[in-house]
There are 2 protein chains.
Amino acid sequence: MTAIRVLLVDDHLVVRRGLRALLGTQPGIEVVGEAASGEEALALVPELQPAVVVMDLAMGAGMDGIEAIRQLRAFNPRQAILVFTTYDSDADIVRAVDAGAMGYLLKDAAPGEIFAAVRGAVEGKSVMSPPVASRLFQQLRNPGEILTPREAELLSLLTEGLSNRELGKRLFISEATVKTHLAHIYGKLGVDTRAAAIATAIRREGMR
Amino acid sequence: MTAIRVLLVDDHLVVRRGLRALLGTQPGIEVVGEAASGEEALALVPELQPAVVVMDLAMGAGMDGIEAIRQLRAFNPRQAILVFTTYDSDADIVRAVDAGAMGYLLKDAAPGEIFAAVRGAVEGKSVMSPPVASRLFQQLRNPGEILTPREAELLSLLTEGLSNRELGKRLFISEATVKTHLAHIYGKLGVDTRAAAIATAIRREGMR
DNA sequence: GGGTCTCTCAGCCATTTGGCTGATTCCAGG
DNA sequence: CCTGGAATCAGCCAAATGGCTGAGAGACCC
């Protein structure tokens, strides 16, 4: 059997080297390349033909990980992609899985977990860290809390500290509409003030 | 000349391996050990006698990096410590430097920067990533923004999303007093709504 | 003793926010 | 074609918030 070809995508050199050091020692796994950004990953994949792409979600400037996943899958729907990131925010997990990630590992995962995830990914298996799985489960169990795209957009701006008037101008809608969206958001988040909504959003979603 | 003995402290195995891979190739630098927590670092230092401790600030459960730095310095005031972390929040930087860190690097630092920082640390030089230095400079340049203890306490609770009434009850003061404190906080933060204050606080201070 | 800082509280008033009800348009799914 | 979700807007009213001025008590420094 030929080795599993892996492409590493992370904006931190240190992390790439660490993964290379860990995965490189494993028989049957070969790191064929590294990319420091989503753009770079998209450029390298056609050339390197990796079986698995291991990538971080947060990648400094430029394209974020979610978008990179989406585009990789658009290019090749069978491309196996493993998310390897630091935080386990609800929104990120759902979006990554939605975009087509096969697995979701946290950076404090044990080496064995990482090897298993890489091997599993090529077979189409879905591997995720226990804390991630539990969060994803909660999300599925509680679909009522999912915000609509417009609501999410508004919530994101809300965490910048804007007033209703400013939100309206920014989104080209009336203040009345802003209030309606906010009321829906409060309901879904289980809060009743904008301050609590901001606090919840930043803590739950890693919005910063 | 003998090699510079380095101890790596980070809760992520991947990061430790990456640092080891990077530093290990450098002549004159020797990685003598790794620790996954502040407690572990404190236990290893007396035994390994590293010239430089390279450590992350955020370390999952248990002792945080700041506290680890403080205790290492208490044990040996001449211990050189380099902070190597992901985020550059104002408060973290100030607290780390205050606790006795010699340098402050971000995880996207270039290899050369890291080598230079390790070498500089043993000579007592202070090395920090440019974005970090600029933030630190701003802090020093603008001491007028320092909150009083009570104000800081209030701001911290504010980021939990409490109302004025709740803040008053929690701090055993009247709502009027809460409003006075808030007005002062807004002035110092340069904002004029509680939403903006929360956003600023969480983003500037890493309050989560 | 006088000045300064911090923390405490009060009252007044304009603005903002939140809760409610109801309505229209558009679009996707059955 | 009907239903339902999503997004848009309106009006009303109570509550919360923010800006202002003023003020007393205690601590600390010179």
Side-chain angles (χ1 to χ4, degrees), chain A residues 70 90-91 94-95 98 139-202 204-205 207, chain B residues 91 139-140 142-202 204-205 207:
Chain A
R70 218 182 301 279
D90 295 343
V94 172
R95 280 183 295 174
D98 198 53
Q139 275 289 330
L140 294 178
R141 192 188 56 93
N142 205 345
E145 280 189 16
I146 293 177
L147 301 180
T148 67
R150 195 56 158 172
E151 285 163 0
E153 195 180 358
L154 216 142
L155 181 57
S156 165
L157 287 177
L158 195 64
T159 64
E160 315 248 316
L162 303 186
S163 70
N164 290 348
R165 190 185 308 272
E166 291 168 320
L167 289 171
K169 282 186 183 170
R170 197 75 85 83
L171 296 176
F172 305 106
I173 57 181
S174 79
E175 222 176 303
T177 307
V178 170
K179 290 179 68 176
T180 303
H181 284 310
L182 284 181
H184 292 160
I185 292 173
Y186 295 165
K188 291 182 180 180
L189 294 186
V191 300
D192 55 3
T193 67
R194 86 168 36 210
I198 293 174
T200 306
I202 295 184
R204 287 209 337 177
E205 311 282 344
M207 278 184 181
Chain B
Q139 276 287 330
L140 296 177
N142 208 343
E145 281 188 14
I146 294 177
L147 302 178
T148 68
R150 196 57 159 171
E151 286 163 0
E153 195 179 359
L154 217 141
L155 180 57
S156 165
L157 287 177
L158 195 64
T159 65
E160 317 246 315
L162 303 186
S163 69
N164 288 349
R165 187 185 309 272
E166 292 168 320
L167 289 171
K169 283 185 182 169
R170 196 76 85 80
L171 296 175
F172 306 107
I173 57 181
S174 79
E175 221 176 306
T177 306
V178 170
K179 290 179 68 176
T180 303
H181 284 310
L182 284 181
H184 293 160
I185 292 173
Y186 295 165
K188 291 181 180 180
L189 293 187
V191 301
D192 54 4
T193 67
R194 85 169 35 211
I198 294 174
T200 306
I202 296 183
R204 289 208 337 176
E205 310 284 343
M207 277 182 182

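Every chain is numbered from 1, with letters handed out A, B, ... down the list of sequences. The shown structure was predicted, so the numbers you read here are calculated from the model rather than taken from an experiment.
You'll find that the side chain of A:Lys179 is closest to C:dT17, out of C:dT17, D:dA7, C:dT8. Side-chain proximity of A:Thr193 to the nucleotides D:dA16, C:dC7, C:dG18 is greatest for C:dG18. Of all nucleotides listed (C:dT17, D:dA10, D:dT8), D:dA10 comes nearest to the side chain of A:Ala176. In this structure, the nucleotide among C:dA10, D:dT17, D:dT8 sitting nearest to the side chain of A:Thr177 is D:dT8. With C:dC7, D:dG18, D:dC9 as the candidates, the nucleotide lying closest to the side chain of B:Tyr186 is D:dG18. For B:Thr180, whose side chain is taken as the heavy atoms from C-beta onward, the closest listed nucleotide among C:dG18, D:dC9, C:dT8 is C:dT8.
Look at CG on A:Leu189: it is 12 Å from P on C:dG18, rounded to the nearest Å. One interatomic measurement links the two molecules: CD1 of B:Ile173 to P of C:dC7, which rounds to 10 Å at whole-angstrom precision. Rounded to whole Å, atom P of D:dG19 lies 16 Å from atom CD of B:Glu175. The CG atom of A:Leu155 sits 16 Å away from the P atom of D:dA6 (whole-angstrom rounding). The separation between B:Ile198 atom CD1 and C:dT17 atom C1' is 14 Å, rounded to whole Å. When the P atom of C:dC9 is taken as reference, atom NE2 of B:His184 falls 14 Å away, rounded to whole Å. To the nearest angstrom, C1' of C:dT17 lies 15 Å from CG of B:Asp192.
The residue among A:Arg194 and B:Leu171 whose nearest nucleotide of DNA chain C is located toward the 5' end is B:Leu171. Residue-to-nucleotide proximity on DNA chain C shows that, of A:Val191 and B:Arg150, the 5′-proximal contact is made by B:Arg150.
When only modelled atom types and interatomic distance are considered, A:Ser174 and A:Thr177 share a side-chain donor-acceptor pair under 3.5 Å.
Of all heavy-atom pairs spanning B:Thr159 and B:Ala201, the tightest one is CG2-CB, 3.8 Å.
Inter-residue side-chain proximity for A:Tyr186 and A:Val191 is flagged as met; some heavy-atom pair is nearer than 4.5 Å. Using a 4.5 Å heavy-atom threshold, the side chains of B:Leu189 and B:Glu151 count as separate.
With hydrogens and angles ignored, no donor-acceptor pair under 3.5 angstrom links the side chain of B:Thr148 to the base of C:dC7.
A:Asn164 has a side-chain polar atom (N or O) that falls below the 4.0 Å cut-off from OP1 or OP2 of C:dT17.
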Before giving the answer on salt bridge (charged side-chain N to carboxylate O under 4.0 Å, His left out), spell out for A:Glu166 and A:Lys169 the whole-Å C-alpha distance, their side-chain angles and the decisive distance to 0.1 Å. CA-CA 5 Å; A:Glu166 291 168 320; A:Lys169 282 186 183 170; over 6 Å; no
